[in-house]
Amino acid sequence: MAQADVEESSVELKEEVETPDEDNLIKVRNLVKFFPITGGLLSKVIGYVHAVDHISFDVPKGKTIGVVGESGCGKTTLGRTILRLVEPTSGEIYFDNHDIPNLPSNQMRHLRRRMQIVFQDPYASLNPRMMVKDILSEPQMVHRRIIQRKFSIPAFVFLLITFLGFIVSLIINQFGSAIDLSLPGVWSFSIPLPSFSPSDLDFLNSSLFPVVIYSSFALFLLFLFLAYSVRKGPSQNQINAYILRILREVGLDKEHLNRFPHEFSGGQRQRICIARALVLNPDFLVLDEPTASVDVSVQARVLNLLKGLQKKRNLTYMFISHDLSVVTHMSDIVMVMYLGKIMEIGPKNIFTLAASKVHPYTSALGGALPVPDPTYSKKAIILKGDVPSPANPPPGCVFHTRCPEAQKICTTDEPELKHKEHGHYIACHFR
Amino acid sequence: MTSVIDQDQEKILKIRGLRVHFYTFEGVVKALDGITFDVFKGESLGLVGETGCGKSVTVRSIMRLIEEPGKIVEGEIDYHGKDILTMKDKEVRRIRGKKIAMIFQDPMTFLNPVLRVGDQVSEVFLLHQEIPEAKRSDGKIDKKKLKGLLRTKVTDIFKIVRLPDVEELYDRYPHELSGGMRQRVMIAMAIASNPDIMIADEATTALDVTIQAQILDLLNDLKDELRTTLIFVTHNLGIIANMCDRVIVLYGGQIVEVAETVELFQKSIHPYTRGLLKAIPLIHRPKRELDAISGVVPNLVTPPEGCRFHPRCYMAAENPEIKERLCVKERPDPYEYFPGHFVACHVRRLERVDEDAGLKPETVYEKIETQ
């Protein structure tokens with residue numbers, strides 16, 4: 001890369017990453033998630049998988065943070081932990097100044113409306129037995145956006161008729177003096193009735209009459225309540241008005257409402273997943289490899305859709321992916337993870353910056369990516385070996401086993417995530 | 001399809017009018033619709049396309065690995081003057097794995113989980129090579145000696161594919177290896193018999209970027225060392241740009257464009273190739289918005305008539321007259337747009353024919369670049 005390019009990109013860096021502190025929607029401090037490994041006869045805990053290991057970062061409102069790393073680096077776990085889909089082992093997460101890990105579950109449920117996730121595999125994350133309209137109305141039912149206890153007219157009419165029947169039977173029952181409710185041989189019980197004939201208006205002065213009226217009114221109220229509390233789904237109108245709007249926003253239409261997930265292609269399914277996340281009008285979306293399972297031409301449309309939605313709804317994204325070019329395209333800030341730790345947080349162009357300005361792992365990732373441009377030349381440092389097991393990460397800097405620049409200090413001392421310039425953080429002894 | 005540039009090169013494979021159908025319950029899937037191309041000796045050829053474009057079916061046909069319910073309906077695959085498709089099974093077995101080797105996408109499913117990896121690789125030698133050293137004076141095979149010989153041969157191959165601790169590795173089972181190491185074992189199997197042609201079918205798709213870079217680097221070096229022909233099947237245009245000399249772009253079971261790599265990336269002509277190139281985000285040249293191709297990949301049970309790309313094609317939409325007359329009715333044949341650069345598109349062909357009448361080639365280049 002030419003010198004001029006490098007200078008140009010560092011200028012960009014100044015403009016992009018400077019954000020005032022109060023605008024941060026998400027604040028993460030020292031977040032840790034260890035998964036226990038059990039073994040032996042009594043399933044004793046014999047070790048921990050260090051999925052997320054003391055991570056701190058901020059996400060400004062309306063921006064996209066891209067999380068990049070190889071498989072097993074903890075990027076998916078990070079996304080899930082922030083939403084508390086996985087309970088963190090320790091550390092602090094603040095979402096709009098709410099302390100997420102210590103929030104009581106009922107308040108958490110309220111907050112979940114504002115933070116949603118789109119999963120990697122649209123084939124596995126949609127219930128195959130639910131129609132699109134049900135998939136899209138379910139989150140609203142859970143969050144009481146659609147009132148589930150709908151007034152059920154047939155149930156009400158049915159109950160009203162029984163009730164009126166009872167009253168009428170009382171009135172018509174002018175010959176007897178009581179309603180016999182006794183079961184022969186078990187008990188004997190009868191409701192006494194006033195004697196009544198149409199010409200005898202004494203009935204109205206009977207002392208029992210107000211009791212009958214009051215009790216029947218109470219029964220009526222009970223029936224009304226019962227009729228009201230019969231569970232019923234949202235009405236067709238509610239679906240049409242709101243869900244259709246969301247569905248159109250993601251590029252699907254009315255005819256798709258009554259279809260099942262298997263009738264859709266991968267890209268369309270991912271759109272349904274995005275629509276489901278949008279239904280509750282969230283502020284923050286975790287996008288966990290949303291285009292990993294679709295083709296290039298479809299990927300382009302999904303990415304464009306996500307970018308458009310972000311602009312329109314002022315969404316904050318956490319974009320998790322292993323595809324460097326997709327992350328670069330989508331993000332304002334890029335976070336590079338390796339074995340549960342942050343190696344670098346920087347502007348989106350870190351993969352093409354000069355190697356001396358970024359973490360060795362970042363430049364190695366950038367160099368390893370095959371760029372679809374035969375004229376683009378790059379310095380390829382091919383990393384040796386495999387990623388070590390996250391159950392037993394190396395001491396010191398976790399990257400030292402593969403780092404081309406590793407020195408003695410790297411094997412013993414863990415580098416801090418140091419602030420370089422304008423929101424550019426690097427965890428390396430030599431940067 | 002002969003190209004002007006490569007006429008002096010020897011053709012190692014000639015594929016003519018290959019048509020493969022899959023007979024499923026939903027109907028006949030016309031996976032390949034008459035594909036014709038050549039593979040030159042020593043080149044690395046890329047086959048690229050989206051899911052269901054027929055790239056894997058093409059290479060599996062070359063290995064004659066199409067299984068029920070699939071069937072090669074028509075076509076010819078000429079390898080050293082013999083048609084692979086009409087060969088006897090015995091003859092095919094002598095070629096498959098020995099002369100033409102394949103590296104598959106997912107090494108976990110193609111390695112036998114209950115056999116040691118070393119033994120699996122040594123099978124290649126047992127099947128395809130005579131080992132005269134292992135014979136005793138009475139002509140029978142000394143099994144102990146054979147085992148030792150195979151072990152050294154396999155460990156040598158392991159060293160070539162840069163696997164660590166080869167002696168120890170011989171006795172490992174596949175699940176004990178990492179993804180990158182398994183893929184190296186697969187490559188070791190492929191190169192063990194010193195093949196003429198190596199086919200890598202999405203060989204690095206399941207791997208991480210850094211491991212992918214290692215494997216690609218290895219394949220590149222092996223190709224130079226062993227002087228094999230490499231056929232790369234992938235959906236990743238980045239790998240094509242870095243690994244291949246020549247590219248074939250497939251769409252819906254038809255070839256849409258054939259060109260040398262640099263030419264394809266700089267002067268792609270077919271509307272599909274162009275759309276594909278515009279749809280990928282680039283790390284070194286950020287785009288504000290990606291240009292997506294509208295519509296979806298066709299269902300190959302009922303593929304569109306004529307050019308299979310026409311329902312999604314912006315060029316056909318811009319030229320409704322040509323679309324009505326040709327695109328929807330006639331299958332476009334590859335047309336040599338530039339020397340060695342073939343394009344299967346009616347609109348492009350007619351455009352070129354018009355320009356040949358009046359304009360100089362330079363202006364054609366210019367026009368394409370500005371578009």
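Note on naming: letters A, B, ... go to the chains in the order of the sequence lines (proteins, then strands), and numbering restarts at 1 for each one. Side-chain atoms are counted along with the backbone in the values below, which use heavy atoms only and exclude waters and symmetry mates.
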Worksheet item: How long is the gap from CG on B:N236 to OG on A:S325, to the nearest 0.5 Å?
Response: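 Rounded to the nearest 0.5 Å, the CG-OG separation comes out at 8.0 Å.
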Worksheet, complete the sentence: Here the gap from A:H329 atom NE2 to B:E289 atom CD, rounded to the nearest 0.5 Å, amounts to 7.5 Å
Chain A: which of [options] shares the most heavy-atom pairs with it under 4.5 Å?
options: B:L237, B:V296, B:I293; answer: B:I293
options: B:P164, B:S294, B:G238; answer: B:G238
options: B:L207, B:D208, B:V297; answer: B:D208
options: B:P286, B:C244, B:G275, B:A279; answer: B:A279

So which of [options] has the biggest tally of heavy-atom pairs under 4.5 Å with chain B?
options: A:P374, A:A368, A:G266; result: A:P374
options: A:S71, A:G72, A:G69, A:A364; result: A:S71
options: A:D373, A:D323, A:L383; result: A:D373
options: A:V371, A:T328, A:V294, A:L369; result: A:V371
options: A:I382, A:V298, A:V387; result: A:I382

Practice prompt. Could you tell me whether A:K384 atom NZ has more than 12 heavy atoms of other residues or ligands within 6.0 Å of it?
Written response: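 No, NZ of A:K384 has 12 or fewer neighbouring heavy atoms, counting only those of other groups under 6.0 Å.
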Worksheet entry | Interface residues of residues 172-182 of chain B facing chain A - non-hydrogen atoms under 4.5 Å apart |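 Listed by number, the contacting residues are B:S178, B:M181.
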Worksheet item: Is any residue of residues 301-309 of chain A within less than 4.5 Å of chain B by heavy atoms, and which ones?
Response: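 Heavy-atom contacts from residues 301-309 of chain A to chain B are A:R301, A:L303, A:N304, A:K307.
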Worksheet item: Can you find a heavy atom in the side chain of A:P372 that is under 4.5 Å from one in the side chain of B:I240?
Response: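 No, every pair of side-chain atoms sits at 4.5 Å or beyond.
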Worksheet item: Considering only heavy atoms from C-beta outward, does the side chain of A:M330 approach that of B:P281 to under 4.5 Å?
Response: no
Portion of [X] that has a non-hydrogen atom of chain A nearer than 4.5 angstrom:
X: B:H284; answer: both
X: B:Q212; answer: side chain
X: B:R162; answer: neither

